[in-house]
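Input: a single structure, listed below in structure tokens.
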Amino acid sequence: MLMSFVYSIICLNVKKRTRLMLKDFFLNEVQNGIKEAIAVNKLGSMGLNDEYTLVIEKPKNPDFGDFAVNVSSLARLAKIAPPMIANAIVEFLPQTTYTVSVVGGFINFKIKDEILADIVAEILEKGVNYGKNQVKNKEKILLEYVSANPTGPFHIGHGRWAAMGSALANLLRFYGHDVFEEFYINDAGSQIQKLGNSLRIRIQQELGLKVDFPTDEIERKNYYPGEYLIPTAKNYLASHQGVNKDNVEGIPLDELCEFAKAEMEAKQQALLKDFRVHFDKFYSELDLHKSGKVENGVKKLTEQGYIYEQDGAMWFKSTVFGDDQDRVIKKADGSNTYLTADIAYHADKFDRGFDRLIDIWGADHHGYIARVKASLEALGYDSDKFEVLLGQLVNLVVDGNEVRMGKRKNMVTLDDLIEEVGIDATRYWMCMRNIDVTLDFDIELAKRSTDENPVFYVQYAHARVCSILRNAVSNGKLNNEPAPMTETELKEIENNFDKSLISKTADSAKALIMKLEEFKSVIALSAENRTVYTICRYVQELAQEFHSFYNANRVIGEDKDLMKARLALMIAIKTVLKNALDILAVSAPEKM
RNA sequence: GCGUCUGUAGCUCAGCUGGAUAGAGCAUCUGCCUUCUAAGCAGAGGGUCGCGCGUUCGAAUCGCGCCAGGCGUACCA
């Protein structure tokens, strides 16, 4: 509730906007005041061309007003004391929709009711579009995430990228960008051979043969011993009736690879769909090879003089572009490395006309950034248009203890997790932390439908609002009293609200309305910083403001104008909560 | 060793494009349901912001150096 924010602008670079968010509005007021004060020599040695930064924040102490601008930073330029500066500026503030006071170097603003009324009216008017399309430089963005091997089920780490990636796509789109979501299928490497070999063993076991995965340290690395291939083996036998103990060895490896891969892909894609993750394209690495683009990329790098041969392999001079060491691009055995295809893939993304590439990668791929950027530069692309969001991994917490992933016995798949805690909670938990920190996913906590679980807290707020809106137009429960309000009247509030009524509830609802107003800047900041956890934090804060208001005030009551004002507020809260939850792809239940 | 992320309340984390007494949730304690969903609200206690030096009128925030932990450091994907 006391969250203060700081928003600064370099004042030589302020651009005029038609629709000002409140913070921008006050910054502009101050900036204009400064200019006028300078013009009449009230700001000491300051000149019109001096560059300075203004900071606006929300005071923690409400006595200081609703917004505060600190002008101490001008002291160095003006060579006079901060309070004098503040007073000089204040003289030139029109103070139409607000009042001001000066404390030290701070100019404190207190807003008048009409500003609050405008906020609510704007939300009602725009509805699902409130907060949308704020971006100034719209870009065609290709967002790539998850991009798992089609060799098995997703683990919980994939779940983090899936949830965050899809939420980020929704956010960037909401902000106004053109976003294309893509999943790169690593279906070309040796891991597919391992998959086929493993399927053969599972089929043999299904046929009753005594075969098992190798236990030898080196040999075992050529197999996937997870049990998930058992149903695949059954499916294979069901669709290949002629297969028996005697001819199973003769099945071509390619056929097994193809079968297993197709099934794994289908399962992965079905899960993504259930998890509310939509991809515009699943881009096959195999297709990339077939298209000749990989070879073409190598050719281009060679032509540019960035390839040399050593120890029988071909190396890319990535150090020219800042990488720690050069990278092998064609192994001594003639095959490509993973990087070779990745170079072609990222070049192809630009060739398809995207302005910006954003990839979400696990922190374990950190070393790849420099080499892919290097390759893009070598091929003549602007590597600054390629962003990698590096995500720390996920720890599962069970009974208060971390369960290390990777130990095969403790392997928890995303399917298991979703089944255990549900889609809403899984998505919310995966999105609620900064991508830079390792996520502790506490299954017990995420499962709980209590206030310990933020996702329920937020959803409950939405359900409560909906309940009030329902009650406003339904008859009394016990003795069938008439409804406090007709459906038509409620529609009237939504579509043609008399915003002057807000003054009836302005005092009690001020904090709540201010929080609603914050939504737009939360969207803008979140989109620009590519963070989705900030949406989670905001939605929790908004829910908190609502719950607090709910406990202190009644919406439905005798005073009809007051009721109308508060119902308008309820519709506004519902709208903003829904818009935010939609970005996270977490449901906003009408009832709980 | 090098690169990178992290180190803030008992726990999980915000704040880190420098600014008014360092915040939230959970946990603990105290109150609040004959009134729109108590899955809620109000309040209390709880912190050498890993350590040191520096820049600044001002540092959790910026710089440098340490300490601790995660990840990476392949002709694997």
Side-chain angles (χ1 to χ4, degrees), chain A residues 1-8 10 53 55 57 59-61 64 68 70 72-73 75-76 82 103-106 108 148-149 151 186 188-192 194 221 285 310-315 324-325 327-339 341-342 362-370 390-393 395 397 400 432-440 442 445 448-454 456-457 459-461 463-472 474 477 484 529 533-534 537 540-541 543-544 546-557 563 566 570 591-592:
Chain A
M1 191 161 90
L2 295 175
M3 189 192 86
S4 74
F5 55 84
V6 174
Y7 184 88
S8 64
I10 302 294
T53 302
V55 176
E57 62 187 294
K60 281 169 288 183
N61 183 342
F64 289 140
N70 189 338
S72 308
S73 54
R76 203 173 311 167
V103 179
F106 287 91
N108 297 319
N149 297 336
T151 54
N186 293 136
S190 59
Q191 75 275 13
I192 297 296
K194 287 162 65 175
K221 286 183 179 159
E285 184 187 347
Q310 188 182 306
D311 304 330
M314 284 170 74
W315 296 70
D324 313 342
Q325 53 177 285
R327 306 292 169 178
V328 169
I329 219 169
K330 212 171 254 304
K331 303 180 214 169
D333 67 6
S335 63
N336 292 316
T337 60
Y338 179 74
L339 177 66
D342 235 13
D364 51 337
H365 288 72
H366 156 254
Y368 260 77
I369 299 175
L390 216 57
Q392 298 298 314
L393 306 176
N395 283 327
V397 177
M432 71 193 270
R433 297 289 179 229
N434 191 328
I435 197 166
D436 285 341
V437 310
T438 308
L439 177 69
D440 280 341
D442 189 325
L445 213 54
R448 252 173 258 179
S449 20
T450 70
D451 52 3
E452 294 159 89
N453 193 349
F456 281 94
Y457 182 82
Q459 290 182 313
Y460 181 52
R464 253 183 165 179
V465 169
C466 291
S467 172
I468 294 170
L469 293 172
R470 275 194 307 273
N471 290 338
S474 23
K477 284 171 194 160
N529 295 332
Y533 76 93
T534 40
R537 295 191 74 82
Q540 280 171 248
E541 286 162 11
Q544 184 183 12
F546 161 71
H547 285 308
S548 180
F549 177 84
Y550 175 94
N551 260 71
N553 307 281
R554 274 194 66 80
V555 173
I556 297 167
M563 173 164 53
R566 289 188 171 160
M570 292 305 115
K591 280 183 186 174
M592 283 177 79

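A quick note: this is a predicted structure, and the numbers were derived from the prediction, not measured.
Atoms NZ and CG, from A/Lys330 and A/Asn336 in turn, are 4.0 Å apart once rounded to the nearest 0.5 Å.
Base engagement by A/Asn553 is indicated by at least one non-hydrogen atom pair under 4.0 Å involving a base atom. Nucleic acid contact class of A/Ala68 (heavy atoms, under 4.0 Å, all strands): base. The residue A/Asp324 sits apart from the nucleic acid: no heavy atom pair falls under 4.0 Å. Nucleic acid contact class of A/Lys330 (heavy atoms, under 4.0 Å, all strands): none. A/Gln191 comes within 4.0 angstrom of sugar-phosphate atoms only, judged by non-hydrogen atoms across all strands, and of no base. Within 4.0 Å (heavy atoms only), A/Ala363 reaches sugar-phosphate atoms of the nucleic acid but no base atom. Within the 4.0 angstrom heavy-atom criterion, only backbone atoms of the sugar-phosphate kind lie near A/Thr438; the bases stay farther away. A/Asn529 comes within 4.0 angstrom of no nucleic acid atom, judged by non-hydrogen atoms across all strands. Within the 4.0 angstrom heavy-atom criterion, base atoms lie near A/Tyr368.
Remark: ring of A/His547 not stacked against base of B/A38; the cut-offs of centroid gap under 5.5 Å and plane tilt under 30° are not jointly satisfied.
Between A/Tyr550 and the phosphate of B/A38, there is a side-chain N or O to OP1/OP2 separation shorter than 4.0 Å. OP1 and OP2 of B/A74 both lie 4.0 Å or more from every side-chain N or O belonging to A/Lys331. Put simply, A/Gln544 has a side-chain N or O that comes within less than 4.0 Å of OP1 or OP2 on B/G25.
Here B/A77 is the nucleotide among B/A77, B/G72, B/C36 with the atom lying nearest to any side-chain atom of A/Ser190. Comparing B/C36, B/G72, B/C41 by their closest approach to the side chain of A/Ser548 singles out B/C41. Considering only the side chain of A/Ala332, B/C75 comes nearest among B/C13, B/G70, B/C75. For A/Val437, whose side chain is taken as the heavy atoms from C-beta onward, the closest listed nucleotide among B/A77, B/C13, B/G40 is B/C13. The side chain of A/Tyr457 lies closest to B/G40 when the candidates are B/G40, B/U35, B/G3. Closest to the side chain of A/Asn551, from the set B/G40, B/U12, B/C75, is B/G40. Side chain of A/Asp364, nearest nucleotide from B/C36, B/C71, B/A77: B/C71. Here B/A77 is the nucleotide among B/C5, B/G23, B/A77 with the atom lying nearest to any side-chain atom of A/Asn149. Out of B/U37, B/C41, B/U4, the shortest distance to the side chain of A/Asn471 is found at B/U37. Among the nucleotides B/U6, B/A77, B/C36, the one closest to the side chain of A/Thr337 is B/A77.
Side-chain to base pairing of A/Asp342 with B/A77: no donor and acceptor N or O lie closer than 3.5 Å to each other.
Consecutive Watson-Crick or G-U pairs involving RNA chain B, each under 3.5 Å on both distances, make up stems of three or more pairs at B:1-7 with B:67-73, B:10-13 with B:23-26, B:28-32 with B:40-44, B:50-54 with B:62-66.
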